[in-house]
Amino acid sequence: QVQLVESGGGLVQAGGSLRLSCAASGRTFSRYFMGWFRQAPGKERRFVGHISWSGGVTYYADSVKGRFTISRDNAKNTVYLQMNNLKPEDTAVYYCGADLAGSYSSYDYDYWGQGTQVTVSS
């Protein structure tokens, strides 16, 4: 079992930055790929990026590549999403999830946090 809690969301102007955190409980955290997804009102939950269990592999959606960075600290059971040069279209609820296989699909993830709202004003 892995329990996830996101934090760090908020309101920011376009061009600004935010760092989201996802704190995990459970001894098996380091076995999982950790993914970030986002969901805007009326839309599906979409893949933002993920990081391998060791932190050595990351992959990002084209829409955030070069602006967002995912990192993890297994000693602290925490994964981070650093978001720079934010745009109004980045506005969404952001979720972290845990998956053993490193999928890009939200349907494959085993555990989810409750989400944190990110709002980017123009």
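With sequence neighbours left out, the ring pair (Phe, Tyr, Trp, His ring centres under 6.0 Å) criterion links Phe33 to His50. Remark: Tyr109 pairs with Phe37, Trp112 by the ring pair (Phe, Tyr, Trp, His ring centres under 6.0 Å) rule, at least two apart or across chains. With sequence neighbours left out, Thr58 forms a side chain to side chain contact (heavy atoms under 4.5 Å, CB included) with Ile51, Tyr60. Take Glu89 and apply the side chain to side chain contact (heavy atoms under 4.5 Å, CB included) test, not counting sequence neighbours, and it matches Lys87.
Put simply, the side chain of Tyr104 reaches to within 4.5 Å of the side chain of Tyr59, judged on heavy atoms. Using a 4.5 Å heavy-atom cutoff, the side chains of Asp110 and Tyr32 are in contact. Residues Gln82 and Ser71 fail the side-chain proximity criterion, which asks for heavy atoms closer than 4.5 Å. Using a 4.5 Å cut-off on side-chain heavy atoms (C-beta onward), Asp90 and Val118 make no contact.
Between the Asp99 side chain and the Gly35 main chain, no donor and acceptor come within less than 3.5 Å of each other.
The neighbour count for Lys65 NZ, taken as heavy atoms of other residues, nucleotides or ligands under 6.0 Å away, is above 12.
Listed here is the closest heavy atom pair of Arg38 and Ala92: CB-CB, 3.8 Å. Listed here is the closest heavy atom pair of Asn85 and Arg67: O-NH1, 2.9 Å. Shown here for Ala98 and Met34, the closest heavy-atom pair between the two residues is CB-SD, 3.7 Å. Asn84 approaches Ser17 most closely through the heavy-atom pair OD1-OG, 2.9 Å.
Between the side chains of Ser103 and Asp108, at least one donor N or O lies within less than 3.5 Å of an accepting N or O. In the model, Asp73 has no side-chain atom that pairs as donor or acceptor with a side-chain atom of Thr78 under 3.5 Å.
Of the candidates Leu20, Leu81, Val64, Val48, Ile70 forms a side-chain contact (heavy atoms from CB on, under 4.5 Å) with just one, namely Leu81.
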Could you tabulate the donor-acceptor pairs under 3.5 Å formed by side-chain atoms of residues 1-16, not counting sequence neighbours?
unit_1	atom_1	unit_2	atom_2	d
Glu6	OE1	Gln114	N	2.9
Glu6	OE1	Gly115	N	2.8
Glu6	OE2	Cys96	N	2.8
Glu6	OE2	Gly115	N	3.3

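No continuous path of hydrophobic side-chain contacts links Val93 to Met83 [ILVMFWY only; heavy atoms under 4.5 Å]. In the hydrophobic clustering of this structure, Phe47 does not group with Phe68; members are Ile, Leu, Val, Met, Phe, Trp, Tyr whose side-chain heavy atoms approach within less than 4.5 Å, directly or through other members.
If you take OG on Ser52 and CZ on Arg72, they are separated by 7.0 Å, rounding to the nearest 0.5 Å. The distance from the CZ atom of Arg46 to the OG atom of Ser106 is 11.0 Å, given to the nearest 0.5 Å. Separation of atoms OG (Ser25) and OH (Tyr111) is listed at 10.0 Å; rounding is to 0.5 Å.
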Checking side-chain contact (heavy atoms from CB on, under 4.5 Å) for the pair Trp36/Val79: CA distance, chi angles, key distance, verdict?
CA-CA 9 Å; Trp36 285 96; Val79 63; 4.0 Å; yes

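Applying the ring pair (Phe, Tyr, Trp, His ring centres under 6.0 Å) rule to pairs touching residues 71-99 yields nothing, sequence neighbours excluded.
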